[in-house]
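First comes the structure, then the notes that go with it.
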Amino acid sequence: MDFRPDPGLDAFREEVRQFLKHSLPADLRVTPTFSRSKPQAVARWQKVLHARGWGAPYWPKEHGGTGWTMQQILVFDEECVAAGAPTLDGMVHKLLGPVLNNFATPEQKAAHLPAFFNGERLWCQGFSEPGSGSDLASLRTRAELKHDDNGDHYIVNGQKIWTSHGHESDWIFLLVRTDASAKKQAGITFLLADMKTPGITVRPIRSIDDAHHLNETFFDNVRVPVANRIGEEGAGWAITKFLLNNEHATTADLPMLKHYLRQFDVLADTPLMGGGRLRDRPEFALKLARLQAEVTAVGMFVQRVAALEMAHHPMAQPMGSMLKVRATELQQRITEAHVEALGDHGAVAYPNPAEEGEANNESLPMHGLARGLANEMFFRRASTIYGGTSEVQRGIVARLLFGL
Ligand SMILES: Cc1cc2nc3c(=O)[nH]c(=O)nc-3n(C[C@H](O)[C@H](O)[C@H](O)COP(=O)(O)OP(=O)(O)OC[C@H]3O[C@@H](n4cnc5c(N)ncnc54)[C@H](O)[C@@H]3O)c2cc1C
């Protein structure tokens, strides 16, 4: 594999930088986090991108995307994070969008894509259920087909859990069981539902970083038109496998890994009370150098997996699983190292920037870095769980590579 940058990548980086400098409104700039930004910020930023023709930076041209190469996408994401641009709705950009592009009818695309490009409809993912996470195909939320004067529709009953951003999303894409007698994978159907539909209730789950990202979502006789079904009834599992493959690749989050390294650099240069800087201490310098090398290696790994995926190579899946494990464990180690480097400041529970806005960062210790790093470290505990746990990924590698 050739890891040399595309010719012209520097010019592209400069084009993105200039665009961000002139088009990213100052009041939208945030301290980058793993999490989707607040709905208003996402909507405003999505509109700006769309007006520039970059509304779907990850999609091929034939679906209204930019048609960028993987290296261009990585540069775009890296520059957006470095500039503090709002974090877009990954649910639709990276998960649902490719599903709609590949499996939806022209009517369904017309119903949903314009609102996506304008940032007017945010989405959440209703897959996991209590008892059905890793073993997703065991899900029990039922959907029964009904015909009446108001048209064909499903009546959905059941519960989803860990619905990220469910409380601030307009629509949900969900998996339901339409045939309890079939083999478990065969009885699953993929639906889209408006979160305002009567019978949908969202209850918050506060996570270890003391913020509200997660929810339980309950469906009580919820009426979903058949027109909102993606693919045939019972064909949901094939669509889900397509979507989950994209999810594994996106959880590597290389731009955030690079951002964490930059934050580590700032910490390394902060004057210490007793004199000197952390960077001058050999054990710290060694840790920093190791993390830098590992982020570079993950960067190459991301490109390798992307190339395998584009070639539909059979190694794409096990390598994608390896990448997910490697990158998410690195996310955890860097954010732990941040908190260690903060010393006493790392032990203070500053307000969570995801909830409290960006005010007064500079008046806080360590250039405001103390605020947010501990929250990020706590939430990254989850990165080896969501998108398929590390144990499950290792199982995939063992099965596909070693036939175990
Ligand atoms: C922060 C966060 C955000 C999330 N967001 C969403 C969302 O938006 N929408 C959504 O639908 N879901 C979401 N999830 C759910 C996520 O996909 C599941 O948590 C994940 O798939 C694991 O399922 P589980 O929690 O039921 O754990 P379980 O599957 O019950 O696993 C429990 C333990 O058993 C291990 N285990 C299970 N099966 C195997 C196996 N075959 N081999 C070896 N070990 C195994 C696991 O590794 C784990 O350690 C989110 C989760 C988190 C933590």
Side-chain angles (χ1 to χ4, degrees), residues 33-36 87-97 99 122-141 156 158-177 184-185 188-193 195 200 202-219 236-237 239-241 243-251 253 256 318 321 324-325 328-329 331-332 335 352 354 375-400 402 404:
T33 68
F34 63 89
S35 186
R36 182 166 95 192
T87 309
L88 292 171
D89 183 9
M91 291 291 174
V92 68
H93 277 275
K94 296 179 176 171
L95 301 183
L96 179 65
V99 164
L122 299 187
W123 289 82
C124 58
Q125 178 188 30
F127 281 14
S128 305
E129 298 181 4
S132 302
S134 304
D135 182 15
L136 185 58
S138 68
L139 62 92
R140 283 168 302 171
T141 294
V156 179
Q159 181 195 347
K160 298 291 173 179
I161 194 166
W162 312 121
T163 326
S164 302
H165 305 290
H167 58 298
E168 47 192 16
S169 292
D170 305 294
W171 279 67
I172 185 168
F173 53 96
L174 74 155
L175 298 177
V176 292
R177 183 159 302 287
K184 63 181 180 178
Q185 285 86 353
I188 292 174
T189 298
F190 196 109
L191 296 180
L192 312 177
M195 289 294 276
I200 299 183
V202 177
R203 265 201 230 146
I205 303 174
R206 281 197 90 78
S207 40
I208 190 172
D209 60 335
D210 193 28
H212 179 196
H213 318 278
L214 301 167
N215 302 277
E216 294 178 286
T217 309
F218 297 88
F219 295 81
W237 193 246
I239 301 173
T240 304
K241 283 204 296 191
L243 180 146
L244 291 179
N245 273 340
N246 289 335
E247 189 169 18
H248 296 158
T250 61
T251 44
D253 211 352
M256 277 306 284
S321 290
K324 206 263 165 180
V325 173
T328 51
E329 288 181 354
Q331 289 160 11
Q332 294 183 341
T335 50
N352 193 322
N375 308 85
E376 197 78 3
M377 185 271 287
F378 278 128
F379 199 79
R380 282 295 183 187
R381 306 311 305 160
S383 61
T384 48
I385 301 174
Y386 56 72
T389 68
S390 290
E391 291 80 6
V392 167
Q393 303 302 337
R394 288 192 167 97
I396 293 171
V397 173
R399 201 175 65 250
L400 295 181
F402 308 116
L404 298 174

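Counting convention: from 1, in listed order, for ligands and their atoms alike. If you read the sequence from its start, that first residue is 1, and numbering goes on from there.
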Any nitrogen or oxygen of [X] lying under 3.5 Å from a nitrogen or oxygen in ligand 1? Just yes or no.
X: Glu129; value: no
X: Asp135; value: no
X: Trp162; value: yes
X: Tyr386; value: no
X: Ser164; value: yes

Taking only heavy atoms of [X] into account, list the atoms of ligand 1 that are under 4.0 Å away from them.
X: Phe127; result: 11 (O)
X: Gln125; result: 7 (C), 8 (O), 9 (N), 10 (C), 11 (O)
X: Met91; result: 8 (O)
X: Thr389; result: 22 (C), 46 (C), 47 (O)

Is the backbone N or O of [Y] less than 3.5 Å from a side-chain atom of [X], with the two atoms forming a donor-acceptor pair by type?
X: Thr240; Y: Gly236; value: yes
X: Lys324; Y: Gly388; value: yes
X: Gln159; Y: Glu129; value: no
X: Asp170; Y: Leu122; value: yes

Practice item. Check each heavy atom of Leu214 against ligand 1 and say whether those closer than 4.0 Å belong to the side chain, the backbone, both or neither. Key: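 Just the side chain.
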Check your understanding: If hydrogens are left out, which of Ser132, Ser383, Gly133 has an atom nearest to atom 21 (O) of ligand 1, that is, the closest non-hydrogen atom?
Key ->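 Checking each option, the heavy atom nearest atom 21 (O) of ligand 1 is found in Gly133.
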**Study point:** For atom 12 (N) of ligand 1, the option (of Ser207, Ser128, Ala382) bearing the nearest heavy atom
**Key:**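 Considering heavy atoms of Ser207, Ser128, Ala382, the nearest to atom 12 (N) of ligand 1 sits in Ser128.
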Exercise for review: Check salt bridge (Lys or Arg N to Asp or Glu O under 4.0 Å) between Glu329 and all other residues, then give those that pass, not counting sequence neighbours.
Suggested key: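 Testing Glu329 for salt bridge (Lys or Arg N to Asp or Glu O under 4.0 Å), a comparison that skips the adjacent residues, returns Arg394.
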Check your understanding: Are the side chains of Ser164 and Leu214 in touch, meaning some heavy atoms are under 4.5 Å apart?
Key ->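 Side chain of Ser164 against side chain of Leu214, heavy atoms only: contact under 4.5 Å found.
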Review point. Does ligand 1 have any atom that is closer than 4.0 Å to a heavy atom of His165?
Key: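 Distance cut 4.0 Å: His165 fails for ligand 1.
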Review point. Within a reach of under 6.0 Å around CH2 of Trp237, are more than 12 heavy atoms found that belong to other residues, nucleotides or ligands?
Key: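 Yes, the 6.0 Å shell around CH2 holds more than 12 heavy atoms from other groups.
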**Study point:** Closest contact, heavy atoms only, Val325 versus Gln393
**Key:**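 Closest heavy-atom pair between Val325 and Gln393: CG2-CB, 3.5 Å.
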**Study point:** Partners meeting side chain to side chain donor-acceptor pair (under 3.5 Å) with Asn215 (sequence neighbours left out)
**Key:**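 Partners of Asn215 by the side chain to side chain donor-acceptor pair (under 3.5 Å) criterion, ordered by chain and then number, come out as His167, His212.
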